[in-house]
Peer 1: 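Pasting a structure here, questions to come.
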Amino acid sequence: MPTDATAPFHAPARYALSLLAAALLLSSCSGSDDAAGPKPSDPPERSRTSASSLPAKPSPTPLQAADGSDVKACRNADCEILLRGTVEIPVRPSFGVVGFTLSHEEPNTVTFDVQRPEYGNASGYIAGTGFLSLANGVTVTVEEIDSRGAVLRFEPKAKDRKNDRAAGSEGLSLING
């Protein structure tokens, strides 16, 4: 007789548990659609906001210049003007300039044509912000520019007394003739 009285009792219990586990395993492996497991749920519906409920884009800040569009303020080459279209800048004859024409061209270009009997003419363009410094003592800086116009600052000085200098953040042409 076995010394362990529980040994014969454990074998049938183990057998029953094995059968139960096998039955559960078989039921979970059946061929129904539910056996593949849960399907991923559809993504949550995104709320759509109408354009009218979005905050309006702020309008661009207005271009402002200390002397407005008054080109007469530039007679002494010491002014800040708003350039729209084409203008003739009436600088003093002591700067050696007999004609100084500037134009704003959309979206971001200032063209220039300067007639100087002593130094030769200069023409070209500045795209974006930048400057034109004429050897005869006038520097024009493009402070701001967009499709609406350009803010130009004039100063009665030259960056180089022997040569015209220029720069443009998005392009440049300087032709001396």
Peer 1: Between Arg92 and Asn76, what is the shortest heavy-atom contact and its length?
Peer 2: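 Answer, listing the atom of Arg92 first, then Asn76: NH1-OD1, 2.9 Å.
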
Peer 1: Under 4.0 Å between a side-chain nitrogen and a carboxylate oxygen: does that hold for Arg148 and Asp146?
Peer 2: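 So Arg148 pairs with Asp146 through a salt bridge.
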
Peer 1: Check the side chains of Glu170 and Asn108 for a donor-acceptor pair under 3.5 angstrom, ignoring hydrogens and angles.
Peer 2: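 Yes, because at least one side-chain N or O of Asn108 sits under 3.5 Å from a partner of the opposite role on Glu170.
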
Peer 1: Testing Val87, Thr141, Val140 for side-chain contact (heavy atoms from CB on, under 4.5 Å) with Leu152, which one passes?
Peer 2: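 The option that passes is Val140.
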
Peer 1: Without hydrogens or angle criteria, can the side chains of Arg116 and Asn121 be said to hold a donor-acceptor pair below 3.5 Å?
Peer 2: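 There is no such pair between these side chains.
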
Peer 1: Please report the closest heavy-atom contact between Gly96 and Pro117, naming both atoms and the distance.
Peer 2: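 In terms of heavy atoms, the two residues are closest at O-CD, 3.7 Å.
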
Peer 1: Closer than 4.0 angstrom, basic N to acidic O: yes or no for Glu155 and Lys157?
Peer 2: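 Judged by the 4.0 Å cut-off on N to carboxylate O distance, Glu155 and Lys157 do form a salt bridge.
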
Peer 1: About how many Å separate CZ of Arg75 and CZ of Phe154, when rounded to the nearest 0.5 Å?
Peer 2: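 These two atoms lie 14.0 Å from each other.
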
Peer 1: For the side chain of Asp113 and the backbone of Thr101, is there at least one donor-acceptor N/O pair under 3.5 Å apart?
Peer 2: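 No.
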
Peer 1: Testing the basics here: between Ile89 and Cys74, what is the closest heavy-atom pair and its distance to 0.1 Å?
Peer 2: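 So the minimum-distance heavy-atom pair works out to CG2-CB, 3.8 Å.
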
Peer 1: Kindly compute the distance separating CD1 (Ile81) from CD (Glu143), expressed to the nearest 0.5 Å.
Peer 2: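 Ile81 atom CD1 to Glu143 atom CD measures 12.0 Å (nearest 0.5 Å).
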
Peer 1: Does Ser133 use its side chain to pair, donor to acceptor, with the backbone of Lys159 at less than 3.5 Å?
Peer 2: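 Side chain of Ser133 to backbone of Lys159, a donor-acceptor pair under 3.5 Å: yes, one is there.
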
Peer 1: Are Phe131 and Tyr119 co-members of a hydrophobic cluster defined by side-chain heavy atoms under 4.5 Å apart?
Peer 2: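 Looking at the clustering, Phe131 is in a separate group from Tyr119.
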
Peer 1: Salt bridge between Glu80 and Arg153, side-chain N to carboxylate O under 4.0 Å?
Peer 2: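 Salt bridge between Glu80 and Arg153, a charged N being under 4.0 Å from a carboxylate O: no.
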
Peer 1: Can you see which heavy atom on Ala65 is nearest to which on Leu82, and at what distance?
Peer 2: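 The pair with the smallest heavy-atom distance is CB-N, 3.5 Å.
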
Peer 1: Donor-acceptor check, side chain of Asp70 to backbone of Lys72, threshold 3.5 angstrom: yes or no?
Peer 2: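 Flag set: sc Asp70 to bb Lys72 pair under 3.5 Å.
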
